[in-house]
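Only one structure is covered here, and it is reproduced in the block below.
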Protein chains: 4
Amino acid sequence: MSLLDPLFRWEALEELFTDRARVQGMLDFEGAFARAEAKLGIIPKDAAAKITAKCRSELCDFPSLAQGAARAGNLAIPLVKQLTDQVAKDDPDAARYVHWGATSQDAIDTGFILQLRAALHKFDEELSRLAGSLANLAKTHRATPIAARTWMQQALPTTFGLIAAGWLDATLRHRARLAEAQERAIVLQFGGAVGTIAALGNRGLEVANALGEELNLRVPEISWHSHRDRVAEVASVLGLLAGTLGKIARDISLHAQTEVAEIFEAAGEGRGGSSTLPHKRNPVTAAVVLAAATQVPGLVATVLTAMIQEQERGLGGWHAEWETMPQLIGLAGGALHRLAETVPHLEIDTAKMRQNLDVTRGLIFAEAVQMALAARVGRMEAHQQVEAACRRAQNEQRHLREVIENDAEISKHFSSQDIQRLFDPAQYLGVADKLIDRVLKAHASRKPKSAVKGD
Amino acid sequence: MSLLDPLFRWEALEELFTDRARVQGMLDFEGAFARAEAKLGIIPKDAAAKITAKCRSELCDFPSLAQGAARAGNLAIPLVKQLTDQVAKDDPDAARYVHWGATSQDAIDTGFILQLRAALHKFDEELSRLAGSLANLAKTHRATPIAARTWMQQALPTTFGLIAAGWLDATLRHRARLAEAQERAIVLQFGGAVGTIAALGNRGLEVANALGEELNLRVPEISWHSHRDRVAEVASVLGLLAGTLGKIARDISLHAQTEVAEIFEAAGEGRGGSSTLPHKRNPVTAAVVLAAATQVPGLVATVLTAMIQEQERGLGGWHAEWETMPQLIGLAGGALHRLAETVPHLEIDTAKMRQNLDVTRGLIFAEAVQMALAARVGRMEAHQQVEAACRRAQNEQRHLREVIENDAEISKHFSSQDIQRLFDPAQYLGVADKLIDRVLKAHASRKPKSAVKGD
Amino acid sequence: MSLLDPLFRWEALEELFTDRARVQGMLDFEGAFARAEAKLGIIPKDAAAKITAKCRSELCDFPSLAQGAARAGNLAIPLVKQLTDQVAKDDPDAARYVHWGATSQDAIDTGFILQLRAALHKFDEELSRLAGSLANLAKTHRATPIAARTWMQQALPTTFGLIAAGWLDATLRHRARLAEAQERAIVLQFGGAVGTIAALGNRGLEVANALGEELNLRVPEISWHSHRDRVAEVASVLGLLAGTLGKIARDISLHAQTEVAEIFEAAGEGRGGSSTLPHKRNPVTAAVVLAAATQVPGLVATVLTAMIQEQERGLGGWHAEWETMPQLIGLAGGALHRLAETVPHLEIDTAKMRQNLDVTRGLIFAEAVQMALAARVGRMEAHQQVEAACRRAQNEQRHLREVIENDAEISKHFSSQDIQRLFDPAQYLGVADKLIDRVLKAHASRKPKSAVKGD
Amino acid sequence: MSLLDPLFRWEALEELFTDRARVQGMLDFEGAFARAEAKLGIIPKDAAAKITAKCRSELCDFPSLAQGAARAGNLAIPLVKQLTDQVAKDDPDAARYVHWGATSQDAIDTGFILQLRAALHKFDEELSRLAGSLANLAKTHRATPIAARTWMQQALPTTFGLIAAGWLDATLRHRARLAEAQERAIVLQFGGAVGTIAALGNRGLEVANALGEELNLRVPEISWHSHRDRVAEVASVLGLLAGTLGKIARDISLHAQTEVAEIFEAAGEGRGGSSTLPHKRNPVTAAVVLAAATQVPGLVATVLTAMIQEQERGLGGWHAEWETMPQLIGLAGGALHRLAETVPHLEIDTAKMRQNLDVTRGLIFAEAVQMALAARVGRMEAHQQVEAACRRAQNEQRHLREVIENDAEISKHFSSQDIQRLFDPAQYLGVADKLIDRVLKAHASRKPKSAVKGD
């Protein structure tokens, strides 16, 4: 564990991507491979049992693995050697059958896919949890007025529930994407040295099927040693997810600003404190999520660039995935987890939200006035009259309602009660409520079925 | 058209992304919007007809639009002004109803989605065409032996058909991804200024539905002004596609090298000629495709980074999409088209492929020997013996077969006919043939249904 | 000109990167090359004059160039053909000497370097102009108190002058970087087909020197056809610049928020207006600059990735530069120009700045209190006492000064005048003034010498 | 140490970026800060000594630091607490003066700069070593003919010495860039909470100067908490370096291909072996370097994107640097080290280089023939005649020399000895030799002065 892991990473995910887990993934492949071959009579049943017994990462000499990888260019070569030696200690005969007919990349890729399957399962659970919290916010605050900001300027009233529904809506799409990407990505890698599985004569496909069964992995049409779109799709779907998480975090940080003060991350012992500014409550989760969302796009670009892999097995591109994918998964997962932890405990200051709607001295209701006026005098005409009234309000630092009331051209079209209503945020929320319902319905309908199947 | 467009772009796609097409997309929104509102009695039917009549990009003053956009920060504001003026010339009354209740972003995003729909349709057609050519290669060359290269070194024999099947297999996945992304991305954008559609009172959803019908676009649960995952998903799926195209182009360029000389892009008047080297036949398509595959990942990263859009409508992130998406689509589409044009005419030198299998003086058959030997003496033992034989062959510059024949330890396990077969590439192709069939079957099954629905 | 150019680009820069300018750059190479060879007696003086006379882009058939490039893979091949034909019309003999001994890439790269030299000159001028405006802000507002924000939370008082000095300080470093990059990048490209200049026998270096003199370009040690660090350095220096511009734009947009309202982009007819929100004044420049700063990093990554060019002249990587570099330069230049136009006219609301310092009810002065207290009771002790006081102030919604005054533990260390001063922002600005002077001095000392030499 | 570190990283560099080193960097700041303040009489001399004594990372509780950072959002806050507690154990009075007047970011940034200084020193040493080996190659092989390849096609003869000189030339520029970047980047960070150093009253600059002296770091004009161009410049210079390393590695891998077989990475026990292909010698260094060059551009883009930091200290952008910079440095450094280790031991097969010059059956000498002919009949005429001859040679599978000898139109201009010389690579190397000398001279002149000063 690195010093920064508790800040940036999700422990439950990190344990899937330790060095030990990486090695265990490959060993799981080797064990299953031996059993599959034994089942088909290609190697002795007993040998498979002996091999399986040694497919435990605890038995590995990690420093020696690391040095071996530095020489060989990948981890599987020294790992197969260590495994063979381990088996040979007990049964030299069985040792002959270790890794019989596979290639390094079969072990490395399948091992990674096993790690990835477990990781995607966690992502789906956490996404589902985040979605649940966002749905709660959408429900709870469906009638909470707040200033909508566009171009970082107050624009019109909206409700905080609608904002949360927007966050939720994107989250639901990510669950769907992950499920689709998982269908394509979570498959066996098994092609032998060059994709023909030639070392197994004409039995390659039989072995592939048996191996797929052992590992509960779908057998793809053909091996994908140098076609990395499966892996890169997972990277890019996580890139999309990180973008949404970053957007939510950016929103939280904007609403948390001292002058806005509408939404806060929950305080806690030592959370977001500053070493010299005792009054500060830094939005630590927002920082963590934004940091991840800043880093992930570059990592996605790396994985896409690395797709240009040469011929049957590439040089450098494949290697570039080995550290990039765990980093990308770790950052996206850390951000997701941290946000999922934070959202249920957000402190929402609805009074301040209401209060901020008055900051513009009524200008935020200009569109309401304009639309009402337009129904009488046409859009362009109304736009010009209201624009002028707004300018007057700004120049004279008066409330727009007052200016409107005193503007004969405009006020002649409205009763004073009309004008009152034009400046009530609850009266200018359009179909916000119905939109929230649509998103909640989509959420409810997706809830029961688990999008990503576990192992 | 820029000077470099015929080199890098696909004309049929480019015409969808001209300035004129961009404006027309927005005008298509405005016209449909007026008709939808008229259908619901929100604006007069006659006004909608008048507005529709003016929704033609030929009527626009483009230089003035461009200057207006520089001031306003987007194209829709000056465009709505021009449209209103155009309508007003004939019918000032009708002009009042232009853009009634929509926001700039509704027009800009929906206009872009209309362009995108047409573009994805073209992508799917061209992918289907490329897949067809790759399937032909896979069929034609299912028995053509060629050296498989891993780490840019000859490894084992394979068939060129299997290589083509690998290219095809990835291509099929991209069709599926595009179809899925299209389901999510090709939707209406309509939320009014802040997503509540407040300017239309409680009729926002009715209008949205009528508008969706007019444009034949699905109405999403909620507007997605600052949730850009729909657009970014298209970007990343095209990024995945560009990766595969780049991989195929890299392969072609490697096989086309002077010393390898197995695959060539078809020659033609002035194609790939060099100004000073009369004998050269540069792989121009490979260069174009690799150039695109080099550029696209950075553009995908841009679109992912740009997802962090503030609150109800963002500042800068949205703007960053406007040029990036067309560039990305143009580069990926250009590469796809150029490769689809090139693949059917590739010149395949099967004799040279066979000849290159002899370059290693039999070393490429080392695994075949090793596996045969391993069946007798075990994997590690066989590895060591064959490795030693290979070293001897290399040091003494002799053919491995000769070394094997003279190595009593090894040759005692084989008849001379056995040894003959061990050095025949056709004897060491594993299940290549069956794998090709699996991919061809997947291709055949996907062929009939068009993955992406057109407009 | 594209519709979005006036929004995103700087006209003075764009005219350097039109298709016509690209072609003219190559023709400038060809003309100078002919003259250089003539000077050395390699080709007839008269031929050089004839060639030079035709090196005018107006004479080119652009559509045919574009089609030729699509076939040949680069623009130089069809251009040399057109030029040769043009010369041949008047003097078939002279036509024999066109491009005599050069390679396409010599013309394309040197042509681009000539465009780049003019562009860097413009960048330096505009940076100098921006620096001047920032220096004015720093001077004018050296005593204007404003809340410093860290983690997007008010932290302590600072001055707006110090903020502007920080912006200026970074700007000055970019001028220095551009000057250094220009030293390395603005050099001749001339190596013939493979870098040996073999077509000119043993006179290649003489020609290079004469050509360098003609074009006023330094002759590098060796040609750099496939070593692209010179170009990529310019890309990354502009990437650094875009980062700083983006940071300034982000700051402006934060200060311009409705609730903060401290800094505004100047209003103007149609500037930043919204189609439906008559009161809004969108920070259009901030949007444009942030859009550029979002796009440039991906383009820098592209240029860095494209550096991996094969052997003597690469395949795809070089091609990837042709559109990416002008885009990158155009975006960075557009952002620089737009910001340089905007900064002198920023509207600064110093009253609102002062007013915002009161938003925290004194909490922003907590560090001042803490430091004063710490001098009496130690840092940790003071931290805890003041933290507690702040919590009380927050919980009870009282002003921190009041809480402090009523806290016997704390107030016993201070006179009431002391406490008054502790809550005066002007009393807690540290060495802000001296720091501003340091930056202004650095600015002044750099001013006279033009960092980037023009052509 | 991770399992993949010995493969991808340089141990000497990695030890500078361990968790322990990160913490020690911050503690070095804290100790020096205390001594600087003591020297100026701001805190007691004895306290400074006590604090300094505890500024040892061995004394830290790392798990607790990590957990503290997760809550606080950075490492400095819990570290200062631990340090204060440590000091307090011995001397509660001295503990009051820990971190007196600094901010977290001062400690974190300066600590990182100290790590970076040591790292850049190592980079310069290793670059110098790589340059030395490349210079040796350039000298040794200045007359070794080899086919130059452009667009991955044989083009003309060159020398391997000239290729190595090109590699060297780029390497020298990187040393210069690193030295310039170091001048700007290796500076103190010290601004207090918001850059005013207000906690130290009017003594901030005095302390800064004393602190700079303690740490042997230049004091910049102003603090750079949210202006990250210094850090990002280092990132982009390393990005440029990685591009060049990747280019060299790509070249090596192309020359090492089975069919080309001109350059090999030295073999060694277990180096580049394959688990199933006993004859293979994979270019492991090339893979490692290309993997790094694939990853670094994305990381550079991240650092550039992260430059958009808000106001006085940013949210998320700063955090994004913490893992990205060490990764970027580690990958670039690992690639540099691995290549520097490999180059001196490259196995160069000059016989095979010569032999490959015959692969085209004389076509590679086409330009030589064309230029000689052009001197008689003009460039275009010569181009056409030689192009035709080449086509004939290709179609009839004959040697170009033979075709030329039998082509009356061409051969009438040459004696048979002339023709002999036209097909001798040594006769068509232009000024390769002089160019090598120019680069070697530049290398020699840079050698003595160390470009980057150490600590």
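When reading the values below, keep in mind they use all heavy atoms of this one structure, side chains included, and skip hydrogens, waters and symmetry mates. Here the structure is a predicted model, which means the values were calculated and not measured. Numbered from 1 within each chain, the chains take letters A, B, ... in sequence-line order.
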Residues B:Asn74, A:Trp151; criterion side chain to side chain contact (heavy atoms under 4.5 Å, CB included); working and verdict: CA-CA 12 Å; B:Asn74 75 50; A:Trp151 297 64; 4.3 Å; yes
Option in B:Leu290, B:Asp437, B:Leu241, B:Leu205 with maximal non-hydrogen atom pairs under 4.5 Å from chain A: B:Leu205
Toward chain B, the part of A:Leu245 with a non-hydrogen atom under 4.5 Å: neither
Under 4.5 Å from a heavy atom of chain B, the part of A:Arg184 involved: side chain
Spacing of B:Met152 atom CE and A:Glu312 atom CD [to the nearest 0.5 Å]: 12.0 Å
Separation between OG1 of B:Thr150 and CD of A:Glu310, rounded to the nearest 0.5 Å: 11.0 Å
Heavy-atom proximity to chain B below 4.5 Å, by part of A:His225: neither
Side-chain heavy-atom pair B:His255, A:Gln311 within 4.5 angstrom cut-off: yes
Which residues share a salt bridge (charged side-chain N to carboxylate O under 4.0 Å, His left out) with B:Arg438, sequence neighbours left out: none
A:Gln153 side, atom CD; B:Arg313 side, atom CZ - distance, nearest 0.5 Å: 12.0 Å
Side chain to side chain, A:Lys247 and B:Met307, heavy atoms closer than 4.5 Å: no
Main-chain N/O of B:Gly166 paired with A:His227 side-chain donor or acceptor, under 3.5 Å: yes
Short N-O contact, B:Asp229 and A:Arg177, less than 4.0 angstrom: yes
Toward chain B, the part of A:Pro220 with a non-hydrogen atom under 4.5 Å: backbone
Side-chain heavy-atom pair A:Ile222, B:Leu168 within 4.5 angstrom cut-off: no
B:Arg230 with A:Asp169: basic N within carboxylate O range, under 4.0 Å: yes
Atom group of A:Val439 that falls short of 4.5 Å from chain B, counting heavy atoms: both
Contact origin within A:Thr84 toward chain B - heavy atom pairs under 4.5 Å: side chain
Heavy-atom side-chain contact between B:Thr196 and A:Val431 under 4.5 Å: no
Beyond-backbone contact of A:Val296 with B:Thr305, side-chain heavy atoms, under 4.5 angstrom: no
Residue part contacting chain B, namely of A:Ala382, when any heavy atom lies under 4.5 Å: neither
Part of A:Ser226 within contact of chain B (heavy atom distance under 4.5 Å): both
Most chain A-contacting option - heavy-atom pairs closer than 4.5 Å, from B:Val98, B:Asp93, B:Leu200: B:Val98
Residue part contacting chain B, namely of A:Val231, when any heavy atom lies under 4.5 Å: neither
Side chain, backbone, both or neither of A:Ala47 within contact of chain B (heavy atoms, under 4.5 Å): neither
Any residue meeting side-chain hydrogen bond (donor to acceptor under 3.5 Å, both in side chains) with A:Trp224, in chain and number order, not counting sequence neighbours: none
Heavy-atom proximity to chain A below 4.5 Å, by part of B:Ala374: both
Test item: A:Leu240 and B:Ser236 side chains (from C-beta on) under 4.5 Å apart, heavy atoms: yes
Partner chain B: residue of A:Arg173, A:Lys434, A:Gln309 with the largest heavy-atom pair count (under 4.5 Å): A:Arg173
Side chain / backbone / both / neither for B:Val377 at chain A, heavy atoms under 4.5 Å: backbone
